[in-house]
Amino acid sequence: MSKIQQQSRRVKILFQLFFILTPILVCYFWLTVATPYDFLRNTGIVQTSFDINQLTETPLTLTTRLLALVTSLIYCSIIMYALKILIRLFGNYENKHIFTLENANCYQKLGYSVFYWVGGSLFYQPLMTLILTFNNPPNHRMIMISFVGVDFLTLLIGAIIVIISWVMKEGYHLADEQNYTI
């Protein structure tokens, strides 16, 4: 087994583990946040972009937790989609399928998933702040939305990935034409 195959297998297994753990950890987070079992925030493993304790004036109800959990799982599905693509990509590398049209398509889908991630955050943050402040007294509820420099950088990285996929597709088509040239 070559070094590329061996490392690709390891990375694929790591992404498969992330694929399984991500929804489990999201569920665990929302069921235990602001309780004595809030291991993920207390150890710093998970950091939210907003302070839950500053948003809500009352303890989180089960309904609030479930709404936040469902909203987070929907947003998390973008990560799951990207992980699925990465698992396929590194599976191809493991099977010695390196410069293929399928891999170029994987890179393109990966670039688009970065766009989906930023777009999803534009909906996730306002919806999550509304959910978390819904039990606050009137005039203490809020909706927050932000677009920061990291979001712009993320969009730039997504665009670079998509452009790389176009270059890979063009290279594949040129190589394919050469194979049929006599």
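Everything numeric here is computed off the predicted structure, so don't read it as measured data.
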(Q) As a quick check of understanding, evaluate side-chain contact (heavy atoms from CB on, under 4.5 Å) for L130 and M144, giving each step before the final call. (A) CA-CA 8 Å; L130 180 64; M144 290 189 319; over 6 Å; no
Q: Answer yes if the side chains of T154 and W117 hold a donor-acceptor pair under 3.5 Å, and no otherwise.
A: no
**Q.** Exceeds 12 heavy-atom contacts within 6.0 angstrom, atom NZ of K84
**A.** no
Q. Is a donor on one side and an acceptor on the other found under 3.5 Å between the side chain of S146 and the backbone of V148?
A. no
Q. From I161 CD1 over to M168 CE, what is the distance, rounded to the nearest 0.5 angstrom?
A. 11.5 Å
Q. Between CD of Q5 and NZ of K96, what distance do you get to the nearest 0.5 Å?
A. 4.5 Å
**Q.** N92 side-chain N/O to L89 backbone N/O, donor-acceptor pair under 3.5 Å
**A.** no
(Q) Is any side-chain heavy atom of F29 closer than 4.5 Å to one of L25? (A) no
Q: Count the heavy atoms of every other residue, nucleotide or ligand shown that sit under 6.0 Å from NZ of K109, and state whether that count exceeds 12.
A: no
Q) Should the heavy atoms of other residues, nucleotides or ligands under 6.0 Å from CD1 of I4 be counted, would the total exceed 12? A) no
Q) Does any donor atom in the side chain of N135 or T64 lie under 3.5 Å from an acceptor atom in the other side chain? A) yes
Q. Are the side chains of L83 and Q16 in touch, meaning some heavy atoms are under 4.5 Å apart?
A. no
Q.
Regarding T32 and T35, do their side chains bring together a donor and an acceptor under 3.5 Å, going by distance alone?
A. no
Q) Would you say R9 has more than 12 foreign heavy atoms packed within less than 6.0 Å of its CZ? A) no
Q) Would you say F18 has more than 12 foreign heavy atoms packed within less than 6.0 Å of its CZ? A) no
Q | Geometric class of the F15/F90 ring pair [parallel <30°, tilted 30-60°, perpendicular >60°] | A | tilted
**Q.** Spatial distance of atom CG (L73) from atom OG1 (T22) [nearest 0.5 Å]
**A.** 10.5 Å
(Q) Between T100 and N103 (side chain of the first, backbone of the second, donor and acceptor by atom type, cut-off under 3.5 Å), is there such a pair? (A) yes
Q.
Within this structure, what is the CD-OH distance for the pair E102 and Y172, rounded to the nearest 0.5 Å?
A. 10.5 Å
Q: Please check if atom CZ in F147 has more than 12 non-hydrogen atoms from other residues, nucleotides or ligands closer than 6.0 Å.
A: yes
Q | Contact summary for I78 and S113, nearest pair of heavy atoms | A | CG2-O, 3.6 Å
